[in-house]
> 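Mind having a look at this structure? Questions to follow.
One-based numbering along the sequence shown. Because the structure is predicted, anything quoted here is derived from the model rather than measured.
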Amino acid sequence: MPEGHEILDDDEAHLASLGYTQELHRSWSGFSNFAISFSIISILAGCFTSFGLGWNNGGPAAIAWGWPIISAFILVIGLCMSELVSAFPTSGGIYWWAAKLGGPKAGFYTGWLNLVGLIAILASVAYGSATFLDLTLGTFSESWLAGYSLTRTFILFLIILVIVAVINIFSSHLLAVINNISVWWHVAGAAAVIVILWAIPAQHASFSTVFATTVNNTGFFGGSTSGLTFLLFVLPMSAILTQYTITGYDASAHLSEETKSAADGAAKGIWRSIFYSAIGGWILLLTFLFAVQDVDGVTAGGGAVATIFTQAMDSKWVAIVLLISTAGQLFCTTACQTSASRMLFAFSRDRAVPGHQLWSKLSAKRVPANAVIVTATIAAIITLPALVEVDINGAPVPVAFFAVVSIGVVGLYLCFAVPIYYRWKAGDAFPVGKWNLRGHHKWMAPVALIEIIVTSIIAMFPTSISGAPWDPSFEWKYVNYTPLLVGAVLILLFIYWHVSVKNWFTGPIKQVDASGESLEGVS
């Protein structure tokens, strides 16, 4: 811990002014900070695994037009968050900002929403990785167990969680190296997939097929692709493809205490990761759509990208594309685990989580190992419904996977909304950092808030007619359990706050004063 008379560097001084001592190892460059958010966004993950959400709820046209439109709104959200992290570069990130600007109650709810969202994102990415790993192994080896197995996929999911947890526990420096490699894998891998899907298929879809074809594979409204019901209830769900893929960029904030020149590097890490992912993701998705040989065949396959690949190419090329994507998803899972554990560490450091002493404890390598283990364990538990087999219109559809996707979207984006709102409310009184919006928050913040509210409502929609309580075909296994889990968490937090937390929780705890001098009475 720095002594009061010791000269602090700029990062340590900024952190001390926020009340914290430099505990984590500050070894990440600005590029490494960008790299982890870019890795978590991972167009090799989201564009592949959640493609079915776009296809089943609108088809090619919904994906081709929806991606750039939703991406522009997400960039506005990211720019608002970049300004916040520049002013307050702490591992607590979003939670810390909310508590600083809106008080302890705002910080408490924001922190828990952020934690739930990050764990759900970890679960969804790890499960997507397991699914694609299973597909890849099956394509490369005819001896791989025949047929798709939910149990086998779930076992692979658990193995991936264990491996990623071990990597996260081993070394913070190793993680930085892995994330730097991940960036180039995503760039080169996405480029390779694009080249393969343009060069190998004998024919490609027309512009009208890609930009004008609509699909309703939900069972709602008799499969109609016209009218207000389709526009207001089915089509909006396609936005979750973009909203889910371009998320997790708050990792740049959570890793800010490990980043050099964080007030600038972490801010740029957020908006640049969104911007470059939006461009690369759109090109990648359009490549998928132009590779479609049979629209009805893809619909019958539940909107899975693997169906597009098998239509367009022989098994050798399909295997290569799947391998590239699977590796990217494994990089992404590693980064997601890092972000979730750092959030739990920071939130526990401020004593806002039961058992906080365990989760805020650092290993000899200055890594929150216990936080890594518990976040991985909870990710496995909330994905247990994936063991239940589900099909819609005869096509296998991963309802449980889509549910954890939606939980991640709702948890993360609602928690983003809180500090954005309070920063907007603060106006010129907000202490801007090295990187700021130069007054543009006045219009950006309300745009960001409206988009977040609308998207969070959409994420609660049932993804199939059999998951709608009012339909005769209703079965629990089809339910999008996002509103149930998020609602239960909010109710429990409400009770916990009023029964106990409000009596002792005062928000972020200061460890040191602005000079770096340790404050008495802080453990």
> Is the distance between the ring centroids of Phe88 and Phe430 under 6.0 Å?
yes
> Check Ala35 against Val183 and note the closest heavy-atom contact, atom names and distance.
CB-CG2, 3.2 Å
> Kindly state each residue pair satisfying salt bridge (Lys or Arg N to Asp or Glu O under 4.0 Å) with at least one member in residues 67-87, sequence neighbours excluded.
Glu83-Arg423
> Around atom CG of Asp314, are there more than 12 heavy atoms of other residues, nucleotides or ligands at under 6.0 Å?
yes
> To the nearest 0.5 angstrom, please state how far the CG atom of Leu53 sits from the OG atom of Ser406.
6.5 Å
> Could you check Phe48 against Phe288 for ring-ring contact (aromatic ring centres under 6.0 Å, His included), going step by step and ending with a plain yes or no?
CA-CA 9 Å; Phe48 281 75; Phe288 292 169; 4.9 Å; yes
> To the nearest 0.5 Å, what is the distance between CG (Asn57) and OG1 (Thr214)?
12.0 Å
> Ile94 vs Met81, test: side chain to side chain contact (heavy atoms under 4.5 Å, CB included). Steps then yes/no.
CA-CA 8 Å; Ile94 295 86; Met81 290 175 62; 4.1 Å; yes
> For Leu197, does its backbone N or O pair with a side-chain atom of His204 as donor and acceptor, under 3.5 Å?
yes
> Verify, without hydrogens or angle tests, whether Asn216 (side chain) and Thr225 (backbone) share a donor-acceptor contact under 3.5 angstrom.
no
> Rounded to the nearest 0.5 Å, how far apart are CD1 of Ile74 and CD1 of Ile69?
12.0 Å
> Evaluate Ile382 against Ile407 for side chain to side chain contact (heavy atoms under 4.5 Å, CB included), listing each step before the verdict.
CA-CA 10 Å; Ile382 66 172; Ile407 292 165; 5.5 Å; no
> Taking the side chain as C-beta and beyond, is there a heavy-atom pair between Tyr109 and Val418 under 4.5 Å?
no
> Rounded at 0.5 Å granularity, tell me how far CD1 in Ile378 sits from CG in Leu161.
12.0 Å
> Tell me whether Thr334 contacts the main-chain N or O of Leu330 through its side chain, where contact means a donor paired with an acceptor under 3.5 Å.
yes
> Is a side-chain N or O of Asn480 found less than 3.5 angstrom from the main chain of Thr463, in a donor-acceptor match?
no
> Classify the angle between the aromatic ring planes of Phe157 and Tyr127 as parallel (below 30°), tilted (30 to 60°) or perpendicular (above 60°).
perpendicular
> Check the orientation of Trp424 and Tyr421. Use parallel for under 30°, tilted for 30 to 60°, and perpendicular for over 60°.
perpendicular
> Would you call Ile246 and Ile70 a side-chain contact if the rule is heavy atoms closer than 4.5 Å?
no
> Going from OG1 on Thr307 to CG on Asp294, what distance comes out if it is rounded to the nearest 0.5 angstrom?
10.0 Å
> Among all residues two or more places apart in sequence or in another chain, which pass the ring-ring contact (aromatic ring centres under 6.0 Å, His included) test with Phe230?
none
> Compare every heavy atom of Leu101 with every heavy atom of Leu84, then report the nearest pair and how far apart it is.
CD2-CD1, 3.8 Å
> Can the ring centroids of Tyr249 and Phe416 be said to lie less than 6.0 angstrom from one another?
yes
> Is it the case that the side chain of Ser256 and the backbone of Ala253 share a donor-acceptor pair, with hydrogens and angles ignored and the cut-off at 3.5 Å?
yes
> Search all heavy atoms of Leu115 against all heavy atoms of Ala340 and return the closest pair with its distance.
CD1-O, 4.1 Å
> Would you find a donor on one side and an acceptor on the other, under 3.5 Å apart, between the side chain of Ser238 and the backbone of Leu235?
yes
> What's the shortest heavy-atom distance between Ala62 and Gly54, and which atoms?
CB-O, 4.2 Å
> Which atoms form the tightest heavy-atom contact between Gly280 and Ile43, and what is the distance?
C-CD1, 3.8 Å
> Evaluate the side-chain proximity of Ile465 to Thr218: yes if any heavy-atom separation is below 4.5 Å, no if none is.
no
> Quick one: do the Ser466 and Ser473 side chains pair a donor with an acceptor below 3.5 Å?
yes
> Above 12 or not: heavy atoms from other molecules or residues under 6.0 Å from CH2 of Trp497?
yes
> In terms of ring plane angle, is the pair Tyr276 and Phe34 parallel, tilted or perpendicular, where the classes change at 30° and 60°?
perpendicular
> Please check if the number of heavy atoms outside Phe275 that lie under 6.0 Å from its CZ is greater than 12.
no
> Counting only heavy atoms not in Phe73 (residues, nucleotides, ligands), do more than 12 fall under 6.0 Å from its CZ?
no
> Determine whether more than 12 heavy atoms belonging to other residues, nucleotides or ligands lie under 6.0 Å from atom CG of Leu232.
yes
> Mind checking whether His186 and Phe331 have parallel, tilted or perpendicular rings, split at 30° and 60°?
tilted
> Looking at Ser82 and Ala267, would you say the former's side chain and the latter's main chain have a donor-acceptor pair under 3.5 Å?
yes
> Side chains of Glu451 and Thr455 only: does a donor on one sit below 3.5 Å from an acceptor on the other?
yes
> Side-chain contact, heavy-atom cut-off 4.5 Å: Cys47 with Trp67?
yes
> Kindly indicate whether the side chain of Val85, heavy atoms from C-beta on, has any atom under 4.5 Å from the side chain of Trp96.
no
> Side chain to side chain contact (heavy atoms under 4.5 Å, CB included), that's the test. Do Phe132 and Val305 meet it? Break it down for me.
CA-CA 10 Å; Phe132 272 73; Val305 287; 3.7 Å; yes
> Could you go step by step and tell me if Tyr422 and Trp97 meet the ring-ring contact (aromatic ring centres under 6.0 Å, His included) rule?
CA-CA 9 Å; Tyr422 281 110; Trp97 310 337; over 10 Å; no
> When rounded to the nearest 0.5 angstrom, what is the spacing between CE in Met313 and CD1 in Ile196?
7.0 Å
> Tell me whether Gln293 contacts the main-chain N or O of Gln203 through its side chain, where contact means a donor paired with an acceptor under 3.5 Å.
yes
> Taking C-beta and beyond as the side chain, do Thr338 and Ile40 meet within less than 4.5 Å on heavy atoms?
no
> In sequence, state the C-alpha distance, the side-chain angles, and the governing distance for Phe38 and Ser277, and then conclude on side chain to side chain contact (heavy atoms under 4.5 Å, CB included).
CA-CA 7 Å; Phe38 189 78; Ser277 295; 3.4 Å; yes
> Sub-3.5 Å donor-acceptor pair from the side chain of Ser86 to the main-chain atoms of Trp435, do we have one?
yes
> Within the side chain of Trp55, is there an N or O that forms a donor-acceptor pair under 3.5 Å with the backbone of Ala304?
no
> Are Ser252 and Ser37 linked by a side-chain donor-acceptor pair shorter than 3.5 Å?
yes
> Under 4.5 Å between any side-chain heavy atoms of Ser226 and Phe221, yes or no?
no
> For Phe494, does the CZ atom have more than 12 heavy-atom neighbours from other residues, nucleotides or ligands under 6.0 Å away?
no
> How far apart are the closest heavy atoms of Gly78 and Ile270, and which atoms are they?
O-CG2, 3.4 Å
> Using only heavy-atom distances, determine whether the side chains of Ser42 and Gln329 contain a donor-acceptor pair under 3.5 Å.
no
